[in-house]
Protein chains: 2
Amino acid sequence: MRRHCPSLVALQAFEAVATHGSLTRAAQSLHISQGAVSKQIKQLETFLTIELFQRQRYGLELTAAGQRYLQEIAPALSRIEAASLEAMAPPVKGGELRITCMPTLGAKWLIPKLPDFFQHWPEINLTFLPHRYGYDFSTPQVDASMRFGDGVWPDCQADYVVGRAIVPVAKPGVFSLPVASPEQLAALPLLQHVSAPHAWHDWMHAVAAHPKQLNTGPSFDQFSLLTEAAIAGLGVALIPACLIEEELRSGKLEQVYDMAILDRQGYYLCYPPDRAELPELQVFRAWLREQGLENQARMRLASMHHSPGLPAPE
Amino acid sequence: MRRHCPSLVALQAFEAVATHGSLTRAAQSLHISQGAVSKQIKQLETFLTIELFQRQRYGLELTAAGQRYLQEIAPALSRIEAASLEAMAPPVKGGELRITCMPTLGAKWLIPKLPDFFQHWPEINLTFLPHRYGYDFSTPQVDASMRFGDGVWPDCQADYVVGRAIVPVAKPGVFSLPVASPEQLAALPLLQHVSAPHAWHDWMHAVAAHPKQLNTGPSFDQFSLLTEAAIAGLGVALIPACLIEEELRSGKLEQVYDMAILDRQGYYLCYPPDRAELPELQVFRAWLREQGLENQARMRLASMHHSPGLPAPE
DNA sequence: AGATCTTACGAACAGCGTAAGGATA
DNA sequence: TATCCTTACGCTGTTCGTAAGATCT
């Protein structure tokens with residue numbers, strides 16, 4: 001049976017452009033030229049006879065059809081890559097992988113998911129080095145590191161994992177929630193992250209709301225404090241969804257408006273080019289990517305690729 | 001991020017060879033040369049550094065690793081194709097598709113699944129023509145037809161859908177079931193399909209059992225009668241799993257040994273080459289394929305590519 | 001002999017990088 | 001001007017078909 005499928009490289013390019021919101025950065029992440037990506041996207045759009053992206057100043061944004069397509073394609077790509085890695089000769093017994101990770105992300109997101117990783121890859125010996133080792137790959141101690149940022153670091157490959165989806169949350173029952181419109185939110189106490197004073201403005205912009213004034217509340221310098229403040233009922237906070245999965249599940253927090261925004265910054269897995277071929281790292285990378293995708297699949301997203309973004313948290 | 005994936009064409013070739021059990025027939029179904037398929041498979045095996053198939057006289061058989069790989073890859077491919085078709089410009093409003101279908105398959109398998117099809121493709125007007133119209137595509141009345149056979153018909157493209165997985169079933173509680181070994185089955189009354197007197201021999205062979213004698217019971221000339229006989233508690237019957245989904249679910253029948261065999265014959269969607277590009281047909285074909293895959297995913301399979309196979313049923 | 005898989009060779013095509021062109025603020 | 005996307009050209013590697021070779025019954 002002849003299949004009517006686009007090529008895998010085109011789909012990978014599509015996914016990269018969709019998550020990065022830009023041909024240039026997608027090309028960087030794919031390690032190919034920007035012109036090549038442009039052509040792949042165009043070819044894919046011609047094949048499907050639809051527009052996947054809306055061309056804009058400074059980047060491309062997914063159309064509605066593009067979003068639907070991405071939601072089907074991304075998990076399929078992920079599954080193919082994971083299955084291929086799993087099918088390959090398994091890594092050497094006792095394979096080692098040494099990483100560092102930001103404390104909040106580790107506690108709230110990564111560690112809870114590790115049992116699944118060890119179930120698939122019992123031979124891989126994963127070691128968390130002290131976070132203060134940072135991302136100095138010059139010593140042989142650290143193989144990879146979970147960092148926060150926009151995915152561009154010198155001398156460093158970076159694969160997006162999770163954290164760009166930001167949701168507004170509050171303690172259930174304190175305010176009359178969830179609200180019907182973003183404008184109603186503006187009147188509630190809006191908790192701030194000191195390093196991201198524009199976060200609420202950006203959010204309002206991304207959901208196309210234009211309140212006259214924002215009721216700014218107290219500020220905090222870490223997401224963990226912001227989380228606790230929201231749980232205490234002090235107001236509404238903008239927090240990466242991946243850091244409050246447990247709180248949302250258990251009902252300690254509630255999403256107050258069903259729209260996440262896609263910030264430009266997020267948690268990336270970084271590693272030096274010379275470790276890219278390490279089998280244990282490839283396996284970990286593919287697994288991380290699948291975990292990150294699951295997070296994203298469930299949310300309604302308003303994209304905001306070119307906002308200033310939030311600063312490094314914690 | 002650079003991905004370590006094989007190419008899509010290689011994966012499609014892999015899937016085709018796996019379902020057909022032969023390079024030659026896979027090549028026919030893909031409409032490319034047999035040498036090309038051979039090379040794709042070899043390249044894929046080199047890429048994964050594992051053996052996907054065991055080369056045998058008259059064909060190739062999946063290795064255990066190959067089976068695991070197929071179970072991940074096939075749904076992913078299916079999803080990509082379905083998403084791509086859905087993303088394309090939707091078929092013209094009021095698109096027509098006229099098919100014929102064998103009565104038992106229609107009643108037991110296809111019709112119950114149609115609500116899902118119409119949900120995805122409300123614009124497509126699907127018409128079931130009388131089965132006696134058969135598969136005469138010379139008149140413009142019939143676009144495609146569900147046929148039973150081994151997938152090779154002259155002047156006709158044929159995509160495998162479902163029906164090759166055969167399971168032994170009986171009424172619960174009548175015998176002491178399920179049995180621990182295939183040999184114990186040989187002593188129970190084995191219901192026969194008159195046109196497939198070797199079915200039970202083949203099944204025993206496929207599961208590597210060698211009973212001294214088979215306790216052959218009454219014979220029937222249609223699967224629907226065989227099904228009713230099994231429900232009545234007359235004995236154990238070998239029936240395509242897709243024809244007794246409802247009976248297994250409701251407990252009217254029970255699978256007596258947890259091993260299906262993959263017969264060479266099954267239900268195929270056939271259509272003339274000049275209708276292959278009909279958008280409505282492509283959509284229907286991709287949807288059928290997904291439905292068929294779901295059936296297969298749940299079973300333990302012992303393959304039996306080169307048995308004589310069962311005759312056309314009903 | 002008959003069926004099947006493997007391999008070799010040349011042709012066609014797809015994917016890439018470089019680099020020039022065009023649009024927008 | 002600066003940034004980003006688009007397009008053109010030529011190179012490279014991949015995929016294909018044809019067809020001959022190998023193997024097994």
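Lettering follows sequence order; numbering is per chain, from 1. Note: hydrogens, waters and symmetry copies are ignored here, and every other heavy atom, side chains too, is used.
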On DNA chain C, which is the earliest and which the latest nucleotide, 5' to 3', with an atom closer than 4.0 Å to a heavy atom of chain A? C:dG15 to C:dA25
A:Lys42 NZ to D:dT7 C1', in whole Å, measures 9 Å
On DNA chain D, does the nearest nucleotide to A:Leu23 precede the nearest nucleotide to B:Gln40 from the 5' side, or the other way round? Give the residue. A:Leu23
Report the distance from atom CD1 of A:Ile32 to atom C1' of D:dT12, rounded to the nearest whole Å. 15 Å
Quick one: on DNA chain C, does A:Gln34 or A:Ser7 contact a more 5' nucleotide (nearest heavy atom)? A:Ser7
Check the distance between D:dC5's C1' and A:Glu51's CD and give it to me in whole angstrom. 14 Å
Between C1' of D:dT3 and CD of A:Gln28, the distance in whole Å: 13 Å
Which nucleotide sits closest to the side chain of A:Lys39: D:dC9, D:dT6, D:dC16? D:dC9
Measuring from B:Trp200:CH2 to B:Gln192:CD, what's the distance to the nearest 0.5 Å? 9.0 Å
So that I can tick it off, tell me whether A:Glu290 and A:Arg285 are bridged by a salt bridge, with the cut-off set at under 4.0 angstrom between side-chain N and carboxylate O. no
Roughly, in whole Å, what's the span from CD in B:Gln12 to P in D:dT15? 12 Å
Is it true that the side chains of A:Tyr69 and B:Ser84 contain a donor and an acceptor less than 3.5 Å apart? yes
Look at A:Arg55 and D:dT6 and indicate whether a side-chain polar atom (N or O) is within less than 4.0 Å of OP1 or OP2. yes
Could you tell me whether A:Arg79 and A:Glu86 have a side-chain N and a carboxylate O separated by less than 4.0 Å? no
Rounded to whole Å, how long is the line connecting atom CG of A:Leu52 with atom C1' of D:dC5? 16 Å
Rounded to the nearest Å, what distance is computed from the CZ atom of residue A:Phe53 to the C1' atom of nucleotide D:dC4? 15 Å
May I ask you to say whether B:Asp263 pairs ionically with B:Arg164, meaning some side-chain N is under 4.0 Å from a carboxylate O? no
Not counting sequence neighbours, list each pair that qualifies as a salt bridge (Lys or Arg N to Asp or Glu O under 4.0 Å) and has a residue in residues 38-49 of chain A. A:Glu45-A:Arg55
Neighbour count above 12 (heavy atom, 6.0 Å) for A:Glu183 CD: yes
Checking all strands, does B:Thr24 fall into the base, sugar-phosphate, or nothing category for heavy-atom contacts under 4.0 angstrom? sugar-phosphate
